[in-house]
Amino acid sequence: MTMATASASLAVALLFASLLAGTVFSDDIIPIMRIPLLERFHAWQAEYNRTYATPEEFQYRFKVYCENVKFIETMNRAGSSYELGENQFTDLTQEEFEDMYLMKLNEVASAPEAMGQLGTMNAGGTSGGGNTDEAPNYVDWRTKGAVTPVKDQQQCGSCWAFAAVASIEGVHKIKTGRLVSLSEQEIVDCDRGGNDHGCHGGYPSSAMAWVARNGGLTTESDYPYVGRQGQCRRDKLGHHAATIRGVWAVQRNNEAMLERAVAGQPVAVSINASRAFQFYKRGVFSGPCNTSLNHAVTVVGYGADPDGRKYWIVKNSWGQTWGENGYVRLERRVSSREGMCGIAMEPYYPVM
């Protein structure tokens, strides 16, 4: 008997035992006649290589999985501009997901006041980063070879480092013609104190400022990512595969200015990753979400779908199995000045 088959048999036994004991999960979550959900859970386990140490943990994770599937299916029945789906987070509660993958930016100082090396994109839409006055209707830096493959931050709140690195990789390609995968781990390990706290969160802007002060950043292969904060490998600090001279801020709460900035290069932003965002699968995401910033990502372009719905092209750091091969399209030019999920609140990019 395989491990999966044994686990399935055990789970069925546990469910029937729960019925007999009068402690089965509520009928609106796991009706006993929906045993096919158990088979679906096993398929999910196999796809994401997920196992559990005890029968109790298996039972609990199955319950959480069913609750999340119910949420996904309920949201999808609403017929919005996007679709949710099962992914690597489907056995996690919202609280567990937030603790493992997101940040609490309100617990650290606001980035611009403390980071240094900061300039501001002017009202004309130009800056030291070479951004253009007139933004085109469509931009996708992936098609211009300025975006590395989607990476995976793992169970570490280091999205701020990934967003900073993706923006540096982009401007380095634009300025030098060479696309180089750079090291997030160097930032996680070595950019300590102030606004940045390794796996506990930080700001893309202050990470870029640290790279500027350090004189550059080494490659991913030279200082590989391990998914946790470790001791700074100081022997790597002088290995500069890419350099920047500072950080520029885009005018806050202004999507038109953000478009001009993205027309010049990829831009790091902070957003609110809501429960719906957690299970995003495809389409133009239009909420629900709020403006409590808890996740950092990189805007690598923008466009519109065949129905004319405008969107941002956003590179995430949750691996390529999440969303549209690791990307999300966030609705653009919304009524709120802050933008969808707060995307226009904290935009920054590096300059060479």
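Position 1 is the first residue of the sequence; numbering continues from there. Only a predicted model underlies this, so the values are computations on that prediction, with no experimental measurement involved.
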Do Tyr349 and Val262 touch side chain to side chain, with heavy atoms closer than 4.5 Å?
-> no
ask   = Is Met100 reachable from Tyr280 through a run of hydrophobic residues whose side-chain heavy atoms are each under 4.5 Å from the next?
value = yes
I'd like to know if Arg142 and Glu324 make a salt bridge, using a cut-off of under 4.0 Å between side-chain N and carboxylate O. no
When you check the side-chain N and O atoms of Tyr52 and Gln45, is any donor under 3.5 Å from an acceptor?
no
Taking every heavy atom of Cys341 against every heavy atom of Phe285, the minimum-distance pair comes out as SG-CE2, 3.8 Å
### Exercise: do Thr90 and Asn68 side chains pair donor with acceptor under 3.5 Å
no
Is the Tyr302 ring parallel, tilted or perpendicular to the Trp312 ring (thresholds 30°, 60°)?
perpendicular
Looking at the rings of His42 and Tyr65, which for Trp means the six-membered one, are their centres under 6.0 Å apart? no
Pair Trp160 and Tyr203, ring centroids less than 6.0 Å apart = no
* Asked: Under 4.5 Å between any side-chain heavy atoms of Asn214 and His240, yes or no?
  -> yes
**Prompt:** So, Ser158 versus Tyr225: side-chain donor-acceptor pair below 3.5 Å or not?
**Reply:** yes
Is Asn294 reaching over with its side chain to a backbone N or O of Ala273, donor-acceptor style, under 3.5 angstrom?
-> yes
Correct closest heavy-atom pair for Val297 and Lys315 would be CB-O, 3.5 Å
Report task. Assess the pair Trp318 and Phe97: is the distance between their ring centroids shorter than 6.0 Å? Result -> yes
Can Thr148 and Lys173 be counted as having a side-chain donor-acceptor contact under 3.5 angstrom?
-> no
Heavy atoms from other residues, nucleotides or ligands near CG of Asn49 exceed 12 (cutoff 6.0 Å) | no
In terms of heavy-atom contacts, Leu182 and Leu217 come closest through CB-CD2, 3.8 Å
Practice task
Check the hydrophobic clustering (I, L, V, M, F, W, Y; side-chain heavy atoms under 4.5 Å; chains of links allowed) and say if Tyr348 and Val165 are grouped together.
Solution key: yes
Value for CD (Glu83) from CE (Met75), rounded to nearest 0.5 Å, stands at 12.0 Å
Worksheet item: Would you say Tyr82 and Val328 make side-chain contact, with heavy atoms under 4.5 Å?
Response: no
With the threshold set at 4.0 Å, does a side-chain nitrogen-carboxylate oxygen contact exist between Lys151 and Glu184?
yes
(Q) Less than 4.5 Å apart, side chain to side chain, heavy atoms only: is that true for Val351 and Val171? (A) no
**Item:** Arg61 side chain near Leu92 side chain, heavy-atom distance below 4.5 Å
**Value:** yes
Charged N to carboxylate O under 4.0 angstrom, Arg333 versus Glu255? no
Determine whether a donor-acceptor pair (N or O, by modelled atom type, separation under 3.5 Å) exists between the side chain of Glu96 and the backbone of Thr93.
yes
Smallest heavy-atom separation, Ala304 atom then Arg332 atom, equals N-NH2, 4.5 Å
Can Tyr223 and Asp189 be counted as having a side-chain donor-acceptor contact under 3.5 angstrom?
yes
Val150-Val188 co-clustered via ILVMFWY side chain contacts under 4.5 Å:
no
Original post:
Does a side-chain heavy-atom distance below 4.5 Å link Gln265 with Lys175?
Top reply: no
Donor-acceptor contact below 3.5 Å, side chain Arg50 vs main chain Gln88: yes
- Would a line drawn from the ring center of Trp322 to the ring center of Phe277 be shorter than 6.0 Å? yes
So SG of Cys289 and CG of Asn272: to nearest 0.5 Å the spacing works out to 5.5 Å
